[in-house]
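Pasting a structure below so you can have a look.
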2 protein chains.
Amino acid sequence: MSADSGLSDTQWNVLSESCPSRTSLARIANKWTAMIVIVLTDGPQRFGAIQQTVQGISGKVLTDTLRALERDGILTRHSYPENPPRVEYELTALGRTLTEPPPRWGGGPRSTSTRSWPPGTAATSRTTR
Amino acid sequence: MSADSGLSDTQWNVLSESCPSRTSLARIANKWTAMIVIVLTDGPQRFGAIQQTVQGISGKVLTDTLRALERDGILTRHSYPENPPRVEYELTALGRTLTEPPPRWGGGPRSTSTRSWPPGTAATSRTTR
DNA sequence: CGGGATCCTTAGCGATACTG
DNA sequence: CAGTATCGCTAAGGATCCCG
């Protein structure tokens with residue numbers, strides 16, 4: 001397969017303004033997301049447990065961040081209609097991909113030089129030359 | 001060495017409010033830092049080249065981010081007193097560590113279950129139980 | 001060309017109080 | 001317990017003009 005597929009690799013270049021991966025980056029690149037993902041790596045956790053483990057996060061911000069991650073399919077929310085109420089958050093398969101390096105990093109060749117990040121991206125911004 | 005050193009491993013737990021690594025995280029977890037590091041992975045780049053490659057970044061924000069990264073030792077700034085002026089930015093050894101996964105991820109065991117993130121951290125926030 | 005200086009907008013974050 | 005609802009602050013981000 002391959003050869004001349006319609007979507008060029010430049011479409012998946014993070015450096016491109018219209019690249020969809022910028023949305024993913026925006027979700028990761030904030031103060032709390034990474035820590036929450038870390039906490040959930042070991043399995044489902046309750047709201048209160050997360051808040052205690054991720055020291056310094058306020059209830060509101062935790063709620064906001066969890067909701068955003070839920071919308072994006074990073075984690076799922078399970079509400080148990082008990083009293084007192086219990087709510088658990090769990091990483092989805094997609095969310096678990098955040099807890100380990102991308103395939104290429106684990107399996108690819110271990111060369112350390114002249115490596116461009118997304119394959120075929122090579123940030124050689126040739127302006128004049 | 002080892003045995004009873006003063007600094008416990010909980011001191012290097014990102015989840016801890018006083019953990020120094022939160023400073024590092026704060027530097028990474030913003031809109032542009034990651035992209036700038038990506039661009040510089042292939043070698044030194046000029047200010048203008050970076051701005052063109054990292055699409056959508058404004059001059060001021062690029063300057064601010066570069067200055068912050070320079071202060072933190074992630075990259076170095078080389079100014080050549082020519083006309084027109086030329087300034088190049090280059091990743092330091094520390095900055096280059098951001099372009100590859102931490103040692104443990106590359107070399108450690110490939111187990112996928114019951115793994116806690118920083119060694120000996122295990123986010124098992126036991127509140128009551 | 002590579003900024004510095006200003007000004008402005010927004011959104012992320014945080015504290016507090018209240019509720020099912 | 002796990003939220004929601006406000007309110008407020010600050011810093012990140014952005015537009016524009018100016019300068020050596």
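Letters A, B, ... are given to chains in the order of the sequence lines, protein chains preceding strands, and every chain is numbered from 1. Being a predicted model, the structure only gives us computed values, none of them experimental.
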Could you report the tightest heavy-atom contact between B:Arg77 and B:Tyr89, atom names first, then the distance? CG-CE2, 3.3 Å
Can you find a heavy atom in the side chain of B:Ile74 that is under 4.5 Å from one in the side chain of B:Thr33? no
Quick check: on DNA chain D, is the nucleotide nearest A:Arg67 upstream (toward 5') of the one nearest B:Arg27, or the reverse? Name the residue that is more 5'. A:Arg67
Using whole Å, report how far CZ of A:Arg86 lies from C1' of D:dA2. 13 Å
So which of residues 71-79 of chain B are in contact with DNA chain C, with a heavy-atom cut-off of under 4.0 Å? B:Arg77
Once you round it to whole Å, what is the distance between P of D:dA2 and CD1 of A:Ile50? 9 Å
Just N and O in the side chain of B:Arg46: are any of them under 4.0 Å from OP1 or OP2 of C:dC1? no
Distance, rounded to the nearest Å, where A:Leu62 contributes CG and D:dG3 contributes P: 8 Å
Go through it in stages, so that I can follow the logic: the residues are A:Asn30 and B:Asn30, the test is side chain to side chain contact (heavy atoms under 4.5 Å, CB included), and I'd like the CA-CA distance, side-chain angles, deciding distance and then a yes or no. CA-CA 6 Å; A:Asn30 68 65; B:Asn30 68 64; over 6 Å; no
In whole angstrom, give the distance that lies between atom CD of B:Glu82 and atom P of C:dG3. 13 Å
Scoring nucleotides 13-20 of chain D by protein non-hydrogen atoms under 4.0 Å (B base, S sugar-phosphate only, - none) yields BBB----B
Please confirm whether the backbone N or O of B:Ser24 pairs with a side-chain atom of B:Ser21, one donor and one acceptor, at under 3.5 Å? no
Interatomic distance, CD@A:Gln51 vs CG@A:Leu66, rounded to 0.5 Å, equals 10.0 Å
B:Tyr80 and B:Val87, any side-chain heavy atoms less than 4.5 Å apart: no
If we only count heavy atoms from C-beta on, is the B:Thr76 to B:Leu91 side-chain gap below 4.5 Å? no
Classify the nucleic acid contact of B:Tyr80 as base, sugar-phosphate or nothing, counting any heavy atom under 4.0 Å across all strands shown. nothing
A:Ile36 and A:Leu62, any side-chain heavy atoms less than 4.5 Å apart: yes
Can you tell me how far C1' of D:dA12 sits from CE of B:Met35, to the nearest Å? 14 Å
In whole Å, I'd like the distance from the CD atom of B:Gln51 to the P atom of C:dC1. 11 Å
Side chain of B:Arg22, backbone of B:Leu15: donor and acceptor closer than 3.5 Å? yes
